[in-house]
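Order of the sequence lines sets the chain letters (A, B, ...), proteins ahead of strands, with each chain counted from 1.
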Amino acid sequence: MAKNIQSLERAAAMLRLLAGGERRLGLSDIASSLGLAKATAHGILRTLQHEGFVEQDPGSGRYQLGAELLRLGTTYLDVHELRARALVWTDDLARSSGEAVYLGVLHQHGVLIVHHVFRPDDSRQVLEVGAMQPLHSTALGKVLAATDPVAHAELVDAKREPFTARTVTELDEIERELDLTRSQGYATDNEETLEGVAAVAAPIYDRRRLAVGAVGITGAVERVCRDGELRPELIAAVRDTARSVSRDLGAKPF
Amino acid sequence: MTDTHTGPFIAAIDQGTTSSRCIIFDRDGRIVAVDQKEHEQIFPKPGWVEHDAAEIWKNVQDVVAGAMVKAGASREDILSIGITNQRETTMLWDKRTGKPVHNAIVWQDTRTDVLCKKLGGEVGQDRWRQETGLPLAAYFAGPKIAWLLDNVSGLRERAEAGELLFGTMDSWVIWNLTGGVNGGVHVTDVTNASRTLLMNLEDLSWNEAIAEEMGVPMQVLPEIRSSSEVYGTVTGGPLGGLLAGVPVASALGDQQAALFGQTCFATGEAKSTYGTGTFMLMNTGEKLIHSESGLLTTVGYRIGDQDPVYALEGSIAVTGSLVQWMRDQMGLIKTAAEIETLAMSVEDNGGAYFVPAFSGLFAPYWRSDARGVIAGLTRYVTKAHIARAVLEATAWQTREITDAMTKDSGVELSALKVDGGMTSNNLLMQFLADVLDAPVVRPMVAETTCLGAAYAAGLAVGFWENVEDLRANWRRAAEWTPDMDPEVRDREYKNWLKAVERTMGWQDE
């Protein structure tokens, strides 16, 4: 077994010491119970405090577990919470764009559709909640791969199927497109997944500025494109929606 | 595509139980601006709930002004104002000073329990059911008026001298909007009047005999008008400066407003609003149906001088609040939305059924001796199965109301239009479609209550020609289609009913 890093071991011991109920301990108690010099213990505590894992009570000067530590286990955003928060905004996006709206998150090797709002034209449509979409060709997938490193790794490993003549399958070319997605803040799918269908999507962030999902619209190229490009007013509407949902999740204004 | 809204608009005021809101809508029924303000919930004793009506009127003025500013709208842009309100909440005010003489008694308040039992006498709670469509229960407004007159000193004399006016919140808001002490109109609409236990459903007039027996002087009662007509125009007060001359043109109780906003204009169309509790209303057209199954008969709406449209109403006391109970009391989930995540981690309910008869069983059973039960527990059952049973409980309770409505009306439900917070729960909505064996449809505008008030106010001033115009605005956001083996459905329903059986007779009365 490789040698462990001693200061990390000591930090872990301190956290265990402070864990378990409402415990507040002073520096000397911590130092003596772990058999450390006060200066050593103080250095570690200060680092933990800086990371938010430990907090110091201003009155007594005693230490306790920090809020950041409690958040570690709960950072994961429940997808159903995401849907509940997105509901009003996605309804309005469907209404204003006249197109179907999808909300997707990374799941295993692709995009899981967690919310779908029908195109508001009274035509017969089937709810696609629970369906999977590929990462490399869809607007939602590209947004996720551009903003979430785990999604990116999945995309690199995935078998990138050419669905249409326009599907990009070469990794270099995809990387260039992901760079573009990052810099412009949205991704498009111009008949790359289905002939005659185009889409645009933008990332949704949580309060720590981590990408937690993507929202976008999908529709017939005749309606959503002009001169072969996604219509700018649709792109703006999608980005507005993504910003509104992010704001609802506590993300700071962009 | 247009995302900039240009007038003309309709403003809708939603005077609700916890807050007052104003939403401004455009011709397509899209939201242009929203403003909202909460008011204080006053709990003087266990079971008592009151609101300060003066605070509410101030908040209403604030949110109307706030929504106008957010919409960038001026008086010329607003063609009319509509009102929807928490139903049954009762107040009295002095017509010369315009001041409430007591806090409003909120619909949830149970202080009139004893009075209602007394009024029922030997006949019991169905004494005036034939005339009013309602059982004698503490929710309804009439007995609350009597309680105020008998328990607040001096009020009965002042009422008999003609100094006091009664209103549900619609009447209070309309009276103030149209000038208050300076000629405000004292009216209510048929839907609100149908929740007082004082109105004849047949001819939509006050029943003087019931009023007398209840001890409510006729002179305190407002004039009963339709839900969609110009009652008066905005006059005086701070809003007078902003909106003087704008017609006040609709009033609908909140659940009826949702029925209207969901455009359930044809006989047999129904909506169900899934919140803390659930309210389902079915349009029964011009036919007044007396329920054999414990549903309420109520007025759905009346447009101008057209014939009134009646509705059957079934309410479920515990739906969203059961999810909250799982979160707050059991601590099994951190947010309400997580119930779906937990429930989806298993294939089925594992044999467990949860009947949340926390304060008895309501429609169609009306058993106050029932209490909640989780049935079918085995070693195999996990918290995920319980989560599933929690969601299924909402669906099965809806199925029971639906069955009662079908039995009473003879109309099979063709589709159920849903709204409210729980519609974001995909698993629940699918299960609902499965157990009803009918499509479940969610409209694109979630704010169906305000939309209904706006629609009625717009119809009254010709902003929309007729209900067909409104139907054209309705957009389907999602539809869940039934996908359950009929054998499974029957077996599960049988199990549910067995579990319901087991709740009864728990409480010794």
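Surrounding CD of B:Gln324 are more than 12 heavy atoms belonging to other residues, nucleotides or ligands, all under 6.0 Å away. No more than 12 heavy atoms of other residues, nucleotides or ligands lie within 6.0 Å of CD in B:Glu347, so this atom counts as exposed by the packing criterion. Within a 6.0 Å sphere centred on CE of B:Met344, other residues, nucleotides and ligands contribute 12 heavy atoms or fewer. The local environment of NZ in B:Lys383 is sparse, with at most 12 non-hydrogen atoms from other residues, nucleotides or ligands closer than 6.0 Å.
Contact between B:Thr341 and A:His80 at its shortest, heavy atoms only, is OG1-ND1, 2.7 Å. Closest approach of B:Arg476 and A:Phe118 over heavy atoms only: O-CB, 3.4 Å.
Comparing A:His115, A:Arg85, A:Arg95, A:His116 by heavy-atom pairs within less than 4.5 Å of chain B, the highest count is held by A:Arg95. The most heavy-atom pairs under 4.5 Å with chain A, out of B:Glu447, B:Gln430, B:Met444, come from B:Met444. Listed options A:Leu82, A:Asp91, A:Leu87, A:Leu127 were ranked by heavy-atom pairs under 4.5 angstrom with chain B; first place goes to A:Asp91.
Salt-bridge annotation for B:Arg475 and A:Asp121: absent, with no side-chain N of the basic residue lying under 4.0 Å from a carboxylate O of the acidic one. Between B:Lys334 and A:Glu81 there is no salt bridge, since no side-chain nitrogen of the basic residue lies less than 4.0 Å from a carboxylate oxygen of the acidic one.
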Inset, instruction - Might you work through the side chain to side chain contact (heavy atoms under 4.5 Å, CB included) test for A:Arg83 and B:Glu340, ending with a clear yes or no? - result: CA-CA 11 Å; A:Arg83 181 199 295 141; B:Glu340 188 173 353; 2.9 Å; yes
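Proximity to chain B among residues 138-155 of chain A is not found for any residue, judged by heavy-atom separations below 4.5 angstrom.
Residue A:Val88: no heavy atom, backbone or side chain, is found under 4.5 Å from chain B. Of the atoms belonging to A:Arg223, not a single heavy atom falls under 4.5 Å from chain B.
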